[in-house]
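None of these values were measured; they are calculated from a predicted model. Below, each value reflects all heavy atoms present in this structure, side chains not excepted, and no hydrogens, waters or symmetry copies.
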Amino acid sequence: MNHIILFDGVCHFCNSSVQFILKRDSKQMYHFASLQSEAGKSLLKKHNIPEDINSFVLIEGDHYFTKSSAALRVCRNLSGAYRFLYSFKVIPAPLRDILYHIIANNRYKWFGKQESCMLPSPEVRKRFLD
């Protein structure tokens, strides 16, 4: 399990993003855990990532990536034309992260919030960490 995505499990936008990735991850390389889960909290601690992080996190082996860097690294492994989004990596992270921060800081207001984390379907349940 070398590619783990940590996401905000109560955010509608974040849950939709996970569904988007699941549909386009033809190699099934990504596994998922919500930031609120025990597995998510354990991975944050293991990688010395602040628990109050306002980002989705991609863990690849011993390294982790956040914000637009994480999103672009995920895109490079998706099927279809989405992998070409990785070419935006040439834009310096501080510039890319401006848009990321705008979305992250307004995600509940724009997309809503759930009372609890999503329940994955039985066929993808094996890709979610408890």
Side-chain angles (χ1 to χ4, degrees):
M1 222 178 309
N2 289 330
H3 299 85
I4 301 170
I5 294 172
L6 303 178
F7 66 100
D8 182 346
V10 297
C11 167
H12 282 296
F13 179 74
C14 304
N15 283 305
S16 295
S17 297
V18 168
Q19 295 302 319
F20 178 89
I21 294 165
L22 282 166
K23 288 178 185 172
R24 290 155 184 85
D25 180 16
S26 58
K27 299 175 192 167
Q28 297 188 1
M29 67 188 308
Y30 293 109
H31 290 81
F32 304 88
S34 75
L35 290 164
Q36 295 85 357
S37 70
E38 290 304 315
K41 291 176 186 176
S42 175
L43 287 163
L44 290 174
K45 187 174 184 175
K46 176 181 177 184
H47 293 277
N48 295 316
I49 304 168
E51 286 187 33
D52 62 346
I53 191 160
N54 189 22
S55 174
F56 104 12
V57 179
L58 171 63
I59 298 172
E60 291 182 342
D62 292 331
H63 304 284
Y64 73 90
F65 305 89
T66 61
K67 303 177 186 172
S68 65
S69 295
L72 293 176
R73 287 182 78 85
V74 168
C75 286
R76 76 179 177 167
N77 292 307
L78 298 180
S79 59
Y82 299 102
R83 68 176 47 132
F84 296 109
L85 291 172
Y86 187 69
S87 63
F88 285 102
K89 186 87 166 114
V90 299
I91 299 171
L95 293 177
R96 292 191 322 258
D97 287 343
I98 291 171
L99 178 61
Y100 186 93
H101 283 289
I102 291 170
I103 295 169
N105 291 334
N106 292 288
R107 69 186 185 271
Y108 295 143
K109 181 170 48 172
W110 294 345
F111 304 103
K113 187 175 179 179
Q114 303 173 164
E115 291 298 317
S116 61
C117 297
M118 69 176 231
L119 294 174
S121 64
E123 58 269 10
V124 296
R125 176 73 185 113
K126 65 182 182 234
R127 296 179 60 195
F128 285 78
L129 309 176
D130 295 325

F13 ring centre to R107 NZ or CZ under 6.0 Å, with the angle to the axis within 45°?
-> no
Looking only at heavy atoms, what is the nearest atom pair of C14 and D8, with distance?
-> CB-O, 3.4 Å
Can you hop from F84 to L78 via hydrophobic side chains spaced under 4.5 Å?
-> no
Exam field: side chain T66 to backbone V57, donor-acceptor pair closer than 3.5 Å = no
Distance-only, no hydrogens or angles: does the N106 side chain make a donor-acceptor pair with backbone N or O of I102 under 3.5 Å?
-> yes
Indicate the atoms forming the closest heavy-atom contact of K126 with H31, along with that distance.
-> O-CD2, 4.1 Å
Report yes if some heavy atom in the side chain of F65 is under 4.5 Å from a heavy atom in the side chain of V74; otherwise report no.
-> no
Any chance you could measure I59, atom CD1, to L43, atom CG, to the nearest 0.5 Å?
-> 4.5 Å
Shortest non-hydrogen pair, R127 vs L22, comes out as NH1-CD2, 3.4 Å
Output for pair (F32 CZ, N15 CG), nearest 0.5 Å, gives 11.0 Å
Between Y86 and L72, the two heavy atoms sitting closest are CD1-O, 3.2 Å
Rounded distance [0.5 Å steps], OG in S68 versus NZ in K89 = 7.5 Å
Rounded to the nearest 0.5 angstrom, the NZ-OH distance for K23 and Y82 is 10.0 Å
Which heavy atom of F88 sits nearest a heavy atom of R96, and at what distance?
-> O-CD, 3.4 Å
Counting only N and O atoms by type, is there a donor-acceptor contact under 3.5 Å from the side chain of S16 to the main-chain atoms of H12?
-> yes
Calculate, to the nearest 0.5 Å, the distance between atoms NZ and NE2 belonging to K67 and H101 respectively.
-> 3.5 Å
To the nearest 0.5 Å, atom CD1 of I4 lies from atom NE2 of H47 at 6.5 Å
Closest non-hydrogen contact found for F56 with F7 is CB-CA, 4.4 Å
